[in-house]
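In what follows, chains carry the letters A, B, and so on, assigned in the order in which the sequence lines appear, proteins first and then strands, with residues in each chain numbered from 1.
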Amino acid sequence: MSDERTLDLLEAKIKELRELDKTDGINLSTEIARLEKKLEALREELYANLSDWERVKIARHPKRPYSLDYIREVFTDFYELHGDRLAGDDRALLVGLARLDDRPVVLLAQQKGRSTQENKERYFGMTRPQGYRKARRAMSLAERFSFPVISLIDTPGAYPGLESEELNIGGAIAENLLAMANLRVPTIAVVIGEGGSGGALAIGVADRVLMLENAIYSVISPEGAATILWKEKERMKEATAALKLTAPRLLDLKVVDEVIPEPLGGAHKDSHKTASSLKESLLRHLAEVSDIPLKKLLAARYQRYRSLGRYSTLNDQ
Amino acid sequence: MSDERTLDLLEAKIKELRELDKTDGINLSTEIARLEKKLEALREELYANLSDWERVKIARHPKRPYSLDYIREVFTDFYELHGDRLAGDDRALLVGLARLDDRPVVLLAQQKGRSTQENKERYFGMTRPQGYRKARRAMSLAERFSFPVISLIDTPGAYPGLESEELNIGGAIAENLLAMANLRVPTIAVVIGEGGSGGALAIGVADRVLMLENAIYSVISPEGAATILWKEKERMKEATAALKLTAPRLLDLKVVDEVIPEPLGGAHKDSHKTASSLKESLLRHLAEVSDIPLKKLLAARYQRYRSLGRYSTLNDQ
Amino acid sequence: MAIFKDRHYFRVNLEKKTDESLWMKCKSCGELVFKRRVRENNNICPHCGEYFFLTAQERIESLIDKGSFTDISKPIVASDPLLFQDTKPYPQRIEEAQEKTALASAIIIGSVTIVGIPVVMGVMDFRFIGGSMGAVMGEQICHGMEEAIRRRQPFILVSSSGGARIQEGLFSLLQMAKTAAVRGRLAEEHLPFISIMTYPTTGGVQASIASLGDIIIAEKGAMIGFAGRRVIQNTIAEELPSNYQTDAFALEHGFIDRVVNREDLREELGKVLGFFVEAQ
Amino acid sequence: MAIFKDRHYFRVNLEKKTDESLWMKCKSCGELVFKRRVRENNNICPHCGEYFFLTAQERIESLIDKGSFTDISKPIVASDPLLFQDTKPYPQRIEEAQEKTALASAIIIGSVTIVGIPVVMGVMDFRFIGGSMGAVMGEQICHGMEEAIRRRQPFILVSSSGGARIQEGLFSLLQMAKTAAVRGRLAEEHLPFISIMTYPTTGGVQASIASLGDIIIAEKGAMIGFAGRRVIQNTIAEELPSNYQTDAFALEHGFIDRVVNREDLREELGKVLGFFVEAQ
Ligand SMILES: [Zn+2]
Ligand SMILES: [Zn+2]
């Protein structure tokens, strides 16, 4: 099977032919059409049955749209709020007010960096305690003013490091879980890229949990699982398959509510189209949860989390 | 007028005479009785009309009982709780559960050190953000379990320093003021030594505000006021008089509810007696505020603070 | 401005304020600049961009929709509960401040609109005894919040204060608790409170009402913190970084939501208020 | 213990557990010590004071009033929702753990009294796949809290866990949210939750239910934290202090209320519970 790079090369060639077709008056349109058809077929063959590991690579693709890309396209008037009022301002988790169509919402959005410099500033998208506590402050604001809360999840995980531990990152995550379970406004979480363990869940407790088609969401990274379980980091593909961390598999397991389709090859192939699917889904779910009286909504959220997990009763065995 | 040291010397001499009287069979009882009477008269003369500055010296006396001394004598079963669950554990503000007679209460208690080592650990009694946030956590605990909150105030002020500023000490104090104004349990604050500005007020918003007789409570230290207003630190005695920071003056101004008497010469002359006066007062006030239905209590507290401050209306002029 | 009508109450000689010279020298760049141009430019040096102090009136003008201001301050002035005297008696200090500023106190409470949105706004004036918070300022802030509740409008406070009014002793300290208590009511009523910190927002004001905003915006160049450089150096002789208590320091350490240029503050307020007004 | 009655369910060979040797060598001091003396001494080396691991049953015995234990665990065992297989299939791993420990899962929920005070208690067992939290542990913890609510009793959780049960994938991660949600109910009911952290309380357990105690007590020698030393060194190659994630580190940085010796824990619990039981 051809790989992504070969197909990109072919696409570039077709583009060159099209230029030739234009400038020199030579008619290549039949040939070009044929090539394009071929390309599309190859692409479908490549992407239609992505392995779980291929999805992991797409989820982590350096060109994948990040939170700020969606914020620009899906929302309007993003007004970022800074700081946890306690110790700092984390740049790997942004919070702010924004409008979804005309409706004001509170956004919690994990953000990776593109450049080395940006990644340094954003700790490669790994959230620190200051970020979780900023998110918690934004939740309180949302509650006071009845703004729905929308989380965009995209992190390899909570930032592991001495400073994080000194600021009780475990406690910060725990407090967020508790707060979100009881938050008195509608909440929607979308995993847009990497949903890395507790670092993702800390803004991911919600009335609706959605995933982009090639996003992943896992209790541990494939590399971490391979290291711990197989004692070989290189067995991450096996670990990936075992963890069932892709959107379609998690939908099958009924732990996410919906998979939002991406263009063939991944969100980065057409970020506008992805953004528009995301927006459609957010609007639909927001309308749904907003229609439910708060008391019922909270009861349903509680029931959702209370009943999470599968086990056998002794009598079943 | 004789000073405190002279009287202490006289007291020591009397003690020596009493030993002599015992061991050698010489009868000095008449002379001793006369001397003791004299000593008492001199003492009353010295202490009866303490100047405000003399009270400041007593409030800061190195032998003055500190919070832990009262905790030992007034309360039972003190169970200290540590940490703000965010960044650290301040040793200048202790919090914990304790019993006042049989009733469980939450204690917030500012604590100075006696030794150089202890003062280093306790930052000379100056509270840091970690302390205020620990206190706030204890307030939440009190609220959840309906424990009354009793504050023992004794601090030169909030700790001024880079780390304090980095952890937003101003914000920490502000959040405590807000929390205490709305705390849904009875609250009593007692200034037992120094009530240093915002650093004291941050645990001092309460249904009853009491002061030990020689405690002080001020918007700024006498030295600070002298430096700012007179541009001469040495004019702190004038500043002291101007600030009206002693318990009797603040009672006159109706900003404190009661002055708890101290033994002649100050609490350190008889800490047991002081503790017993403090306990009597706490029990009485706690009984009173506990009798008031919560809604009424909160309304009264709100009214107390809402109406604080004196000004003229234009039409009065 | 209603309360200034009977301005003989304050023995304010407004004529004194008329300033004959057309030019001023910028303390930052040293250039001679047209005063009128400076004033029209939000008291920003047209040459180097340095911010000069704004009086409360100038601040109000720079933030609100033209002509939308109504003074709704309570008709109160400081009394002297401690009969305080330092190098001069407190009442004399008050009178001098009133004369200098033509203000009754260090704060004005106004009913205004900002980009069309009606709000109640409190604005401090640093010229008035360093914008210090005594009983009058505390009462005016509470009055402003109560008016906001009565009108179901947002409350905005623009701080410019060195802290508590020492001359009112414990009464001034307790204004911190008083304003925090009333701020709690605003929260219960789900009305937004936007706190704007300018140069300086320190001491008792920073450690109470100014830090309790739902949104906290610092004007660029603001000084924000609790204990002054001198206090720290006198108390513990600690080295302080050059950005100590700057707007950047406050942002980095998470105390404030945003730093905004003076010339953009009005638009910024319109933007942020928009979210809350829709949400009502 | 009710659920162990039908222990053939777990294919547990209890005979295996009978240990014939009377002596053991302490790994800390190297001395040969009487096993019975160690056991009677809360699994503390009578020679050097080193703490050895306690099984869940041993922990329960060391904390409660003698004979007051009733097992009220739900009769549930792990299923294999992901059909997970690493070096061996997950069901085999479970079975082996059950055989080794004679436990159905990594946690026991009991109804007990401590110094006369009735409480519901959950106790983890590190031997059972590192005390990892999967769906069964999550459900048992919630069940315990719900029993506490039903009985109007305090809830105590003794943690000994490396974190989430990887083999249950996202189901195990979500137990963090599940236990936090139910912990919220306990708070609404004004019932106390005492969290006891022992060696180790890390990862997903520390980042959820264990950190949400009204009171958090660490056993002396506990390891407390989120990310393990190895993870940090692999990810960011940072130098870590020698006291990293120790009880002292957690106390110094404010995560926990107290550090208590194993032999004093029971009395400590009696003392702290006393405050809350009176307050009811
Ligand atoms: Zn200039
Ligand atoms: Zn040993």
Side-chain angles (χ1 to χ4, degrees), chain A residues 126 157-162 164-178 180-182 195 197-198 200-202 204-205 217-220 224-225 227-231 238-239 242-245 249-250 253 255-256 301-302 305-317, chain D residues 3 6 9 74-79 81-82 84-87 104 134-136 138-139 142 164-178 180-185 202-204 206-212 225-227 231-232 235-236 238-241 244-245 249 253-255:
Chain A
M126 293 182 282
Y159 183 72
L162 182 57
S164 282
E165 296 285 336
E166 286 175 338
L167 293 175
N168 196 7
I169 190 158
I173 292 172
E175 295 282 353
N176 276 18
L177 300 177
L178 181 58
M180 291 199 92
N182 297 298
S197 194
L201 185 63
V205 177
Y217 193 4
S218 182
V219 64
I220 189 169
T227 307
I228 293 178
L229 299 179
W230 282 270
K231 319 283 176 208
E238 269 167 88
L243 285 166
K244 307 244 187 315
L245 45 65
R249 298 205 192 279
L250 292 170
L253 291 171
V255 286
V256 302
R301 191 191 306 155
Y302 185 80
Y305 285 93
R306 176 65 189 86
S307 62
L308 253 170
R310 298 195 188 165
Y311 46 82
S312 310
T313 68
L314 280 183
N315 300 335
D316 293 348
Q317 282 202 329
Chain D
I3 66 161
D6 301 320
Y9 277 128
K74 258 192 164 174
I76 55 176
V77 288
S79 65
L82 270 52
F84 198 96
Q85 171 146 8
D86 45 81
T87 51
V136 170
E139 179 65 23
C142 293
R165 174 81 49 91
I166 299 176
Q167 292 86 351
E168 293 182 23
L170 207 63
F171 285 111
S172 86
L173 181 72
L174 293 170
Q175 300 310 305
M176 293 168 65
K178 170 170 170 165
V182 179
R183 190 270 175 269
R185 289 284 158 104
T202 56
Q206 195 257 340
S208 64
I209 188 69
S211 285
L212 294 173
F226 183 63
V231 174
I232 296 187
T235 316
I236 59 167
E238 190 175 31
E239 275 298 312
L240 295 174
Y244 182 69
Q245 293 189 340
F249 182 93
H253 293 291
F255 314 172

Could you tell me the separation between the [atom1] atom of [X] and the [atom2] atom of [Y], rounded to the nearest 0.5 Å?
{"X": "D:Met176", "Y": "A:Leu308", "atom1": "CE", "atom2": "CG", "value": "13.0 Å"}
{"X": "A:Glu166", "Y": "D:Phe255", "atom1": "CD", "atom2": "CZ", "value": "8.0 Å"}
{"X": "D:His253", "Y": "A:Leu167", "atom1": "NE2", "atom2": "CG", "value": "8.5 Å"}
{"X": "A:Leu162", "Y": "D:Gln245", "atom1": "CG", "atom2": "CD", "value": "9.5 Å"}
{"X": "D:Ser208", "Y": "A:Leu201", "atom1": "OG", "atom2": "CG", "value": "9.0 Å"}

> Do you know which of D:Ala210, D:Ala180, D:Ser172 has the most heavy-atom pairs with chain A at a distance under 4.5 angstrom?
Replying inline: D:Ala180

Given a strict heavy-atom distance threshold of 4.5 Å, which part of [X] is in contact with chain D: side chain, backbone, both, or neither?
{"X": "A:Leu245", "result": "neither"}
{"X": "A:Met180", "result": "neither"}
{"X": "A:Ser197", "result": "both"}
{"X": "A:Asn182", "result": "side chain"}
{"X": "A:Glu165", "result": "both"}
{"X": "A:Tyr217", "result": "both"}

Which one, [options], leads in non-hydrogen pairs under 4.5 Å with chain D?
{"options": "A:Leu177, A:Leu178, A:Asn168", "result": "A:Asn168"}
{"options": "A:Tyr305, A:Trp230, A:Tyr159", "result": "A:Trp230"}
{"options": "A:Arg306, A:Lys231, A:Glu238", "result": "A:Arg306"}

> In terms of heavy-atom proximity below 4.5 Å to chain A, should D:Gln85 be classed as side chain, backbone, both, or neither?
Replying inline: backbone

> With a cut-off of 6.0 Å (strictly less than), are more than 12 heavy atoms of other residues, nucleotides or ligands near CZ of A:Arg249?
Replying inline: no

So which atom in [X] and which in [Y] form the shortest heavy-atom distance, rounded to 0.1 Å?
{"X": "A:Val219", "Y": "D:Ala164", "result": "CG2-CB, 3.5 Å"}
{"X": "D:Phe226", "Y": "A:Ala158", "result": "CE2-CB, 3.7 Å"}
{"X": "A:Tyr302", "Y": "D:Val182", "result": "OH-CG2, 3.3 Å"}
{"X": "D:Gln175", "Y": "A:Gly309", "result": "NE2-CA, 3.7 Å"}
{"X": "A:Val255", "Y": "D:Phe171", "result": "CG1-CE2, 3.5 Å"}
{"X": "D:Ser211", "Y": "A:Gly170", "result": "OG-C, 4.3 Å"}

Check whether any side-chain heavy atom of [X] sits under 4.5 Å from a side-chain heavy atom of [Y], and report yes or no.
{"X": "A:Thr313", "Y": "D:Pro75", "value": "no"}
{"X": "A:Lys244", "Y": "D:Leu170", "value": "no"}
{"X": "D:Leu82", "Y": "A:Arg310", "value": "no"}
{"X": "D:Ile166", "Y": "A:Leu229", "value": "yes"}
{"X": "D:Phe84", "Y": "A:Leu243", "value": "yes"}

